[in-house]
Number of protein chains: 2
Amino acid sequence: MAYPPSGSGDGANRDPEHADRLADAVPTRKRPHRSQTRRQVLDAAFTVFSEHGIAASSLNEVAVAAGLTKGAVYSNFASKDDLVLALMEEHAAARTDAALAGFASADDSRHGLVDLAAALVHAMRADAAWHRLLAEYFAMSSHDPRRREGLRRRRREVRDAVARAVARVADGLDTELPFTPAEMATVMLALSNGLAVEADIDPDAVPEDLLGRVLLLIAGDADTGARTRSPSAEDHRRGTPQPDS
Amino acid sequence: MAYPPSGSGDGANRDPEHADRLADAVPTRKRPHRSQTRRQVLDAAFTVFSEHGIAASSLNEVAVAAGLTKGAVYSNFASKDDLVLALMEEHAAARTDAALAGFASADDSRHGLVDLAAALVHAMRADAAWHRLLAEYFAMSSHDPRRREGLRRRRREVRDAVARAVARVADGLDTELPFTPAEMATVMLALSNGLAVEADIDPDAVPEDLLGRVLLLIAGDADTGARTRSPSAEDHRRGTPQPDS
DNA sequence: AAAACTCGATACCGTGCGGTATCGGATACT
DNA sequence: AGTATCCGATACCGCACGGTATCGAGTTTT
């Protein structure tokens, strides 16, 4: 509550993203642009939060990790909550887009569900850090009506997007799915998330291809002769692959 | 680190759970027994933690909710971590036992999987508060190797128990399951958990019987003529049922 | 060039936490 | 009954956090 000390809230930002690229003579801006600082903070926040968890991380840690100070953080974000929110929104959007784009291209191919599953699997395994963050955010949102509502809306969007995708794929299938697209989307998200959590706790318990196999099975393994459970004979490594961060 | 002020650590507890039930003349013990106080604290902790989350709750809140003070809590638990751990262990054990017992009785009946699904569904819907807690605990354990290892071991036990149960049920089936019991157990846990999370965020997105239907489908709906989705025709309410707390 | 403004660094504050020392009344031992 | 012991209440400590005020270097405007 109570808006940030000053600026930042009142639109009308000029965003002077020009007028310094015209000469090197102007000796390389000493002060970085606002958006750059914001990025640094956001990236650092992701790193730090991924490492120790959101609750256990202080804004100071984030600032230091960004090569800045707390003052800089507070100059760009109204509060810790604000920072966390921004981070989640950004990543969530990116994630969703990536996942959906990844299988939208499979629009034509008949085995769209396989691709969709693969996309989800990939997103899940590659982004262990993100999943951890998401899980914590879910947990902390459970208790705060404000956050909860926001999360609900966002989750709904994602679910609907997945549902639409499912519906599109299902159209191209001969057999009918045993669930409505909405239900299917819910199951897919739940399963993806749930398996990510299990894998996070005990990587050995979650074979790489488990999600894919379950989804195929649910889909009625209509199109597939591929009951074969080992698509790539060499993709055997388990253990959370330490994505990046 | 550094053990609690005194006592409590050195085994050899007499556990004087007797010798006061012999006369009412002894006018109703003024001071409750250790174990009773412990129970009060544990119960209060569950309530408080469920309400605001573990991280956001202070030991003082817990103590007050228990009708005690912080001193009492620290007299019974070495630290906040210790309290949380005790709470989780206890509830986890109880949950597992209940769930497994609930379907172990279905050992003879041929439609064991239906019962198992039902048991999981019930556990999931009835214990929304517990699921929330578990989710938060998962999240906070991700970042702490110590807790993480403990959780891994415990999770493995649960998984194995479910796997054994699945194997037993699968034996009685004519068709074969498309997964190993271990995989099946993982999927069941992940799905149960995942759906609980989704339901927690947006109850409307998760129909009451969704988990059951998915499990039946995965099981190859072999044994079932019982596709009938309404075991109790009146159990229709959705929306997190506000279990208790 | 000089005024006006932006933004991040520094220093600081209040708060509420986890945890500790201690004390006193109730209980168990003999 | 007298005494040793237990256990929870009270009071307190140190600390690190989120957040704020302010100042000055850097940047834009006129």
Side-chain angles (χ1 to χ4, degrees), chain A residues 1-10 12-20 22 26-38 40-41 44-45 48 52-64 66-84, chain B residues 1-10 12-20 22 26-38 40-41 44-45 48 52-64 66-84:
Chain A
M1 326 79 191
Y3 276 94
S6 77
S8 164
D10 56 293
N13 28 10
R14 284 57 80 82
D15 196 50
E17 202 69 35
H18 44 69
D20 92 320
L22 37 74
V26 185
T28 61
R29 260 180 148 288
K30 293 278 179 58
R31 200 200 288 184
H33 276 160
R34 196 115 223 265
S35 57
Q36 294 172 352
T37 315
R38 223 183 122 95
Q40 282 179 41
V41 173
V48 172
H52 316 302
I54 299 174
S57 301
S58 73
L59 284 196
N60 211 354
E61 290 179 84
V62 171
V64 168
L68 298 169
T69 62
K70 218 170 32 161
V73 175
Y74 273 101
S75 172
N76 284 277
F77 300 92
S79 65
K80 186 180 183 179
D81 271 8
D82 190 40
L83 170 61
V84 171
Chain B
M1 324 81 191
Y3 276 94
S6 77
S8 165
D10 57 297
N13 29 9
R14 283 58 82 82
D15 195 50
E17 201 68 35
H18 44 69
D20 90 321
L22 37 75
V26 185
T28 61
R29 257 180 149 286
K30 293 278 180 57
R31 199 200 289 185
H33 275 161
R34 196 113 224 266
S35 57
Q36 294 172 353
T37 317
R38 224 184 122 94
Q40 281 180 40
V41 174
V48 172
H52 316 302
I54 299 175
S57 301
S58 73
L59 284 196
N60 210 356
E61 289 179 84
V62 171
V64 168
L68 298 168
T69 62
K70 219 171 30 160
V73 175
Y74 272 101
S75 172
N76 283 275
F77 300 92
S79 64
K80 187 180 183 179
D81 271 8
D82 190 41
L83 170 60
V84 171

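Source: prediction; values computed, not measured. To find a chain, count down the sequence lines: A is the first, B the second, and so on, and within it residues start at 1. Computation of the quantities below employed the complete heavy-atom set of this structure, encompassing side-chain atoms and omitting hydrogens, waters and symmetry-equivalent molecules.
- Between B:Q40 atom CD and D:dC7 atom C1' there is a gap of 13 Å when expressed in whole angstrom units.
- Residue A:T37 places at least one side-chain N or O under 4.0 Å from the OP1 or OP2 atom of C:dG8.
- When heavy atoms are screened at a 4.0 angstrom cut-off, B:T69 is found touching base atoms of the nucleic acid.
- Between the CG atom of B:D81 and the C1' atom of C:dG19 there is a distance of 12 Å, given to the nearest Å.
- Taking 4.0 angstrom as the limit, B:S58 places a side-chain polar atom (N or O) nearer than this to OP1 or OP2 of C:dC17.
- For B:N76, the side-chain atoms get nearest to D:dG8 when compared with the rest of D:dG8, D:dG19, C:dA9.
- Between B:L59 and B:K70, the shortest heavy-atom distance links the atoms CB-CG, 4.2 Å.
- Mapping B:K70 and B:G67 onto DNA chain D by nearest heavy atom places B:G67 at the nucleotide closer to the 5' end.
- B:K80 contributes atom NZ, which lies 8.0 Å from atom CD1 of B:I54 (distance to the nearest 0.5 angstrom).
- Here the shortest heavy-atom pairing between A:F77 and A:D82 reads CA-OD2, 3.7 Å.
- The shortest distance between the side-chain N/O atoms of B:S75 and the OP1/OP2 oxygens of D:dC7 is not below 4.0 Å.
- Contact annotation: A:N60 side-chain N/O to D:dG18 OP1/OP2 distance is not under 4.0 Å.
- Side-chain contact between A:V62 and A:V41 is present, with heavy atoms from C-beta onward closer than 4.5 Å.
- Atom CG in B:L59 sits about 19 Å away from atom P in D:dA11, given to the nearest Å.
- Summarising the geometry, the separation between NZ on A:K80 and P on D:dC17 is reported as 9 Å, rounded to the nearest angstrom.
- Between the C1' atom of D:dG19 and the CZ atom of A:F77 lies a distance of 16 Å, rounded to the nearest Å.
- Listed nucleotides D:dA9, D:dG18, C:dA9 differ in distance to B:A72; the shortest reach to its side chain belongs to D:dA9.
- A:R38 places its CZ atom 12 Å from the P atom of C:dC7, with the value rounded to the nearest Å.
- In this structure, A:R34 atom CZ and C:dG8 atom C1' are separated by 9 Å, rounded to whole Å.
- Residues B:T69 and B:A63 approach most closely at C-CB, 3.3 Å, considering heavy atoms.
- A:Y74 has its OH atom 11 Å from the P atom of D:dC17, to the nearest Å.
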